[in-house]
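Taking it in order: structure first as structure tokens, then the write-up.
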Amino acid sequence: MRDVNLVLIGPPGSGKGTQAARISARYGVPAISTGDILRAAVKAKSPLGRQVEAIMAAGDLVGDDLMIDLVRERLAAPDVTSGFILDGFPRTVVQADALDAMIDGCPLMALVLAVPEAEVARRLSSRRICAGCKTLYTGGTAYGSELELCSRCGGVLITRPDDNDVTIARRLLQYRQASEPVIGHYQARGLVVTVDGSRGVDDVSADVFTAIDGFRDGTGPVPPPSAG
Ligand code: ADP
Ligand code: ZN
């Protein structure tokens, strides 16, 4: 059985974080969200946080060198023993090249969550997040969307500072320009599985699990014999 070495790709609001948590629970591999790591740094006012706060608030991309160092360090942590789920990295082709070098020929699967732009814009402008347990609530569809408080932990529901119209537009543009080419990077090597992410969370998960099972037992995408 192969390790679950997984890269999640999709526009902001496509459900990467939600699916990453479910995959993590099912397969017992850590979900690594670069957005969460950066937001924690901002909250802690660490040197990294001070450096990235304005960039994130504007919906721009943090520099490749910084992100690559951050992920290299995270992948060296002791909990990364039998795989990883990367949510939010690689976001540029430069980052994808760096990840290739880091994992040095290990089998990898790129899972694309496809969601039309109009739908992600709708999701982002209506979503709120629990300040306590980080559960996401999307207006209109999710249970609890009319609650003031988190139905799970009672925490306060807040809007993420980068979920405003101006920043959302910028993030979508960055996705189209910088991140979509990452799909091509993996497609060229036959590593991509695309799932329709515009459906309900459980339907998406079902397809995601099927794809990962195929990857683990070797019937799914396979990398070419150690290139370079
Ligand atoms: P989204 O909900 O838009 O997918 P994330 O929570 O993954 O956003 O990331 C939030 C912000 O953190 C991004 O808009 C960007 O500024 C920064 N960021 C996260 N990951 C990366 C990365 N790999 N490269 C550059 N910037 C990143
Ligand atoms: Zn909560």
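Indexing begins at 1, ligand by ligand and atom by atom, following the structure's order. Because the structure is predicted, anything quoted here is derived from the model rather than measured. We're numbering straight along the sequence, starting at 1.
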Item checked: Of the listed options Met56, Arg171, Met67, Arg91, closest to atom 9 (O) of ligand 1 (non-hydrogen atoms) ->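 Residue with the shortest heavy-atom distance to the ligand atom: Arg91.
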May I ask you to decide whether [X] forms a salt bridge with [Y], counting only side-chain N to carboxylate O separations under 4.0 Å?
{"X": "Arg176", "Y": "Glu117", "value": "yes"}
{"X": "Asp207", "Y": "Arg199", "value": "yes"}
{"X": "Arg74", "Y": "Asp79", "value": "yes"}
{"X": "Asp165", "Y": "Arg170", "value": "no"}
{"X": "Arg123", "Y": "Asp163", "value": "no"}

Close-contact set for ligand 1 against [X] heavy atoms, below 4.0 Å:
{"X": "Lys16", "answer": "4 (O)"}
{"X": "Arg160", "answer": "1 (P), 2 (O), 6 (O), 8 (O), 10 (C)"}
{"X": "Arg127", "answer": "2 (O)"}

Notebook entry, point to check: Quick one: CG on Leu38 to CE on Met67, what's the gap to the nearest 0.5 Å?
Noted result: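 The CG atom of Leu38 sits 4.5 Å away from the CE atom of Met67.
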Residue and atom name of the nearest protein heavy atom (relative to [atom]), distance in Å to one decimal:
{"atom": "atom 20 (N) of ligand 1", "answer": "Thr34 OG1, 2.8 Å"}
{"atom": "atom 24 (N) of ligand 1", "answer": "Gln95 NE2, 2.9 Å"}
{"atom": "atom 18 (N) of ligand 1", "answer": "Leu38 CD1, 3.5 Å"}
{"atom": "atom 16 (O) of ligand 1", "answer": "Asp60 O, 2.6 Å"}

Next item on the list: Test Thr159 against Arg128 for side-chain hydrogen bond (donor to acceptor under 3.5 Å, both in side chains), laying out the working first.
Entry: CA-CA 5 Å; Thr159 299; Arg128 284 179 298 161; 5.7 Å; no
Where's the contact between [X] and ligand 1, heavy-atom distance under 4.0 Å: side chain, backbone, both or neither?
{"X": "Glu53", "result": "neither"}
{"X": "Val62", "result": "both"}
{"X": "Arg39", "result": "side chain"}

Check: What closest approach, in Å, do Lys16 and Leu8 show between heavy atoms, and which atom pair accounts for it?
Finding: O-CD1, 3.4 Å
Check: Hey, does the Lys NZ or Arg CZ of Arg127 hover above the aromatic six-ring of Tyr137, less than 6.0 Å from the centre and inside 45° of the axis?
Finding: no
Next item on the list: Evaluate side-chain hydrogen bond (donor to acceptor under 3.5 Å, both in side chains) for Asp3 paired with Tyr27, printing each intermediate quantity in order.
Entry: CA-CA 10 Å; Asp3 285 352; Tyr27 297 94; over 6 Å; no
Notebook entry, point to check: So is there a nitrogen or oxygen of Asp87 less than 3.5 Å from a nitrogen or oxygen in ligand 1?
Noted result: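 No, since none of the N or O atoms of Asp87 sits under 3.5 Å from an N or O of ligand 1.
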Check: So is there a nitrogen or oxygen of Gly88 less than 3.5 Å from a nitrogen or oxygen in ligand 1?
Finding: yes
Item checked: Stepwise side chain to side chain contact (heavy atoms under 4.5 Å, CB included) check, Leu111 with Val7 -> CA-CA 6 Å; Leu111 190 76; Val7 164; over 6 Å; no
Item checked: Under-2.8 Å protein N/O/S neighbours of the Zn ion (ligand 2), ordered by chain then residue number -> Cys130 SG, Cys133 SG, Cys150 SG, Cys153 SG
Next item on the list: Only counting residues at least two apart or in another chain, list the ones meeting side chain to side chain donor-acceptor pair (under 3.5 Å) with Ser198.
Entry: Asp196
Check: Does even one non-hydrogen atom of Arg123 get within less than 4.0 Å of ligand 1?
Finding: no
Note to self: Please determine whether side chain to side chain contact (heavy atoms under 4.5 Å, CB included) holds for the pair Leu70 and Ile68, giving the CA-CA distance in whole Å, both sets of side-chain angles, and the decisive distance to 0.1 Å.
What the structure shows: CA-CA 5 Å; Leu70 190 150; Ile68 290 163; over 6 Å; no
